[in-house]
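Read through the structure below, which is laid out as structure tokens, and then see the notes.
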Amino acid sequence: FDMFVLAFVERFFRPTYKKDDFILGKKLGEGAFGVVYRVSLANKKSSSKKEDDLVLKKATEYGAVEIWMNERVRRACANSCADFKYGFLENSSKKGAEYWLIWRFEGEATLYDLMQSKEFPYNVETMILGEVQDLPKGLERENRIIQTIMRQLLFALDGLHSTGIVHRDIKPQNVIFSEGSRIFKIIDLGAAADLRVGINYIPKEFLLDPRYAAPEQYIMSTQTPSAPSAPVAAALSPVLWQMNLPDRFDIYSTGLIFLQMAFPGLRTDSGLIQFNRQLKRCDYDLVAWRKTAEPRASSDLRRGFELLDLDGGIGWELLTSMVRYKPRQRISAKTALAYPYFDKEGLLALSVMQ
Ligand code: ADP
Ligand code: MG
């Protein structure tokens, strides 16, 4: 019961909130399972203005799982995700019971917002690296910025996966730029599964975003019996994890983000959907897709291949080891981080300072 004692002690020293503590601000998002607002505190419990800038999600019944995931993340891999403050059940609402979840307001922009700009990836450069000198714009420089974003994404993902959590909804809309720590963090654990303790063991496929979902329908083998009791799952899950590699579902989605960063044409919804159709026709073989796409490629598409081909093609190599049909053939987040693609990362920061 250590975990529960710890959780209790931590709770005791952390601020707790209730409904009337918040003044609702701008609506930030609305999905099928909840509404998200920027909020501030009514009666200041904190001294600093920064701690007063919060995000509230009013969630349906799935909010219980999301609170559980966020509590686990803040204890096990706090830097991977948005800074979670508190979650509680709010019963007084006319709509019935709602779960309220509170985070620090990390920043204005998701990776999706940033990717919509014509300036991308240059609009991210100063955010990550501070003031940059006016270096010539070009593929090398874009590649360095994209490398940095990919490294931060994989680092956050490795934290989640090492904790036993599969996110299952990795997409640019669920990656937020934290203005305080100047890194990208993952948000929205609403579809996440914690395989070590069997929480949300049965995949909720209907929650998955088809644009970023890997081809496998089930992240765990369908041979795996349905949700065992929590203690049994806790004992079994490291083994099941090894057998089924459920983390590779997130790797596939992250590979699609990599693709979108390299190819501006794939950043729109229609572009991505069209790409997905083409890839499916190639049996999810990226090399085969390239063979069909490159000969009749627009200059925009050709430029993306050129970027991935830099430094002997290590970017392309990394991409093709993430976007693969079989989960087992996809690289893990930890192995990806050790990939030569990231060796040169940081050189931009150096060249900027010279
Ligand atoms: P949904 O279930 O609606 O997708 P999310 O958790 O993804 O809920 O949040 C919706 C949007 O709210 C995000 O895309 C992002 O723009 C914003 N948001 C969520 N959490 C934060 C945060 N901690 N800081 C700043 N913005 C956030
Ligand atoms: Mg979301």
Side-chain angles (χ1 to χ4, degrees), residues 15 17 22-41 46 49-74 77-87 95 98-117 123-124 127 152-153 156-157 159-160 165-193 200 204-213 249-250 253-254 256-257 260 267 269 272:
Y17 300 101
F22 304 106
I23 304 168
L24 290 199
K26 192 181 163 213
K27 191 191 277 186
L28 298 174
E30 178 158 20
F33 305 100
V35 192
V36 180
Y37 301 92
R38 187 168 178 173
V39 296
S40 54
L41 288 177
S46 57
K49 191 120 186 74
K50 248 186 182 163
E51 282 167 53
D52 190 33
D53 206 357
L54 302 169
V55 167
L56 160 69
K57 183 186 267 190
K58 296 185 186 181
T60 60
E61 64 267 30
Y62 296 110
V65 176
E66 198 172 345
I67 290 173
W68 202 93
M69 295 294 164
N70 275 280
E71 287 286 353
R72 188 147 159 67
V73 162
R74 61 167 280 131
C77 53
N79 293 328
S80 288
C81 296
D83 185 5
F84 184 64
K85 299 291 186 195
Y86 190 60
K95 287 176 241 152
E98 281 177 331
Y99 288 95
W100 284 32
L101 293 86
I102 311 293
W103 294 268
R104 173 206 294 274
F105 179 83
E106 294 281 0
E108 299 279 348
T110 64
L111 181 57
Y112 177 83
D113 302 324
L114 294 163
M115 271 171 36
Q116 295 312 299
S117 159
N123 57 341
V124 176
M127 298 172 76
Q152 293 183 356
L153 255 177
L157 214 50
L160 282 183
I165 295 174
V166 186
H167 186 281
R168 300 198 296 185
D169 198 16
I170 294 291
K171 55 185 176 184
Q173 292 87 338
N174 286 339
V175 176
I176 189 99
F177 185 74
S178 169
E179 288 165 13
S181 32
R182 283 193 167 183
I183 52 165
F184 284 95
K185 294 181 175 180
I186 293 168
I187 55 171
D188 200 353
L189 295 164
N200 191 2
K204 294 198 291 273
E205 278 78 23
F206 62 91
L207 281 177
L208 306 181
D209 188 322
R211 292 167 303 177
Y212 293 89
F249 189 89
D250 291 341
S253 312
T254 308
L256 290 195
I257 299 180
Q260 288 188 297
R267 288 177 203 158
D269 234 24
L272 182 60

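Just so you know, ligand 1 is whichever comes first in the structure, and atom 1 is the first atom listed for that ligand. Predicted model, so just to flag it, every value in this text is computed and none were measured.
- Inspection of the Q260 and Y112 side chains reveals no N or O donor paired with an N or O acceptor under 3.5 Å.
- Counting heavy atoms under 4.0 Å from ligand 1, residue D83 does not touch it at all.
- Remark: minimum distance from atom 13 (C) of ligand 1 to any protein heavy atom is reached at I187 CD1, 3.6 Å.
- Checked against the Mg ion (ligand 2), the N, O or S atom of D188 at the shortest distance is OD2.
- Side-chain atoms of I170 and Y212, non-hydrogen and from C-beta on, never get closer than 4.5 Å to each other.
- Atoms of ligand 1 found under 4.0 Å from any heavy atom of V36, numbered from 1 in the order shown, are 8 (O), 9 (O), 10 (C), 12 (O).
- With respect to K57 and D188, a salt bridge is recorded, a charged nitrogen being found less than 4.0 Å from a carboxylate O.
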Requested in this report: Begin from the C-alpha positions of S253 and D250 and carry the test side chain to side chain donor-acceptor pair (under 3.5 Å) through to its verdict.
Outcome: CA-CA 5 Å; S253 312; D250 291 341; 5.2 Å; no
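- Here D169 fails the criterion, with no N, O or S atom under 2.8 Å of the Mg ion (ligand 2).
- Contact check for R72 versus L189: no side-chain heavy atoms found under the 4.5 Å cut-off.
- Every atom of ligand 1 with a heavy atom of R104 under 4.0 Å away is listed here by number and element: 22 (C), 23 (N), 24 (N).
- Here is the list of ligand 1 atoms found below 4.0 Å of a heavy atom in I176: 25 (C), 26 (N), 27 (C).
- Against a heavy-atom cut-off of under 4.0 Å, N174 is close to the following atoms of ligand 1: 7 (O).
- Under a 4.0 Å criterion applied to the non-hydrogen atoms of Q173, ligand 1 contributes the atoms 14 (O).
- Ligand 1 has no N or O atom lying under 3.5 Å from any N or O atom of W103, backbone or side chain.
- Side chains of N70 and W103 form a contact here, defined as non-hydrogen atoms less than 4.5 Å apart.
- Annotation: side chain of F22 is in contact with side chain of W100 (closest heavy-atom distance under 4.5 Å).
- Across I186 and L153, no two heavy atoms sit closer than the pair CD1-O, 4.5 Å.
- A 4.5 Å side-chain heavy-atom check between H167 and N174 finds at least one atom pair inside the cut-off.
- T110 CG2, 3.5 Å is the protein heavy atom nearest to atom 16 (O) of ligand 1.
- Nearest protein heavy-atom neighbour of atom 3 (O) of ligand 1: G31 N, 3.8 Å.
- Counting only heavy atoms of the protein, atom 24 (N) of ligand 1 lies nearest to E106 N, 2.9 Å.
- In terms of protein heavy-atom proximity, atom 21 (C) of ligand 1 is closest to V55 CG2, 3.8 Å.
- For ligand 1 and A82, the ligand atoms under 4.0 Å from any heavy atom of the residue are 23 (N).
- The side-chain heavy atoms of Q173 and M115, taken from C-beta on, include no pair separated by under 4.5 Å.
- Within the set L111, D209, D188, L54, the minimum heavy-atom distance to atom 4 (O) of ligand 1 is found for D188.
- Which of E30, K57, E179 comes nearest to atom 8 (O) of ligand 1 through a heavy atom is settled by distance: it is K57.
- Contacts between V35 and ligand 1, counted as non-hydrogen atom pairs separated by less than 4.0 Å, are absent for every part of the residue.
- Screening E106, E108, R182 for a side-chain contact (heavy atoms from CB on, under 4.5 Å) involving F177 leaves a single residue, R182.
- Between S80 atom OG and I183 atom CD1 the span is 8.5 Å, to the nearest 0.5 Å.
- Taking backbone and side-chain atoms together, N174 has an N/O/S atom less than 2.8 Å away from the Mg ion (ligand 2).
- Tested against F84, the residues L101, V55, V73 include a single side-chain contact (heavy atoms from CB on, under 4.5 Å) partner, L101.
- In terms of protein heavy-atom proximity, atom 25 (C) of ligand 1 is closest to G107 O, 3.4 Å.
- Salt bridge status for E179 with R104: absent, with no side-chain N to carboxylate O gap under 4.0 Å.
- The shortest contact between atom 11 (C) of ligand 1 and any protein heavy atom is with L28 O, 3.9 Å.
- Assignment of F33 to the shell around ligand 1 is not supported, since no heavy atom sits closer than 4.0 Å.
- Less than 4.0 angstrom separates some heavy atom of F105 from each of these atoms of ligand 1: 24 (N), 25 (C).
- The closest approach between any non-hydrogen atom of G190 and ligand 1 is not below 4.0 Å.
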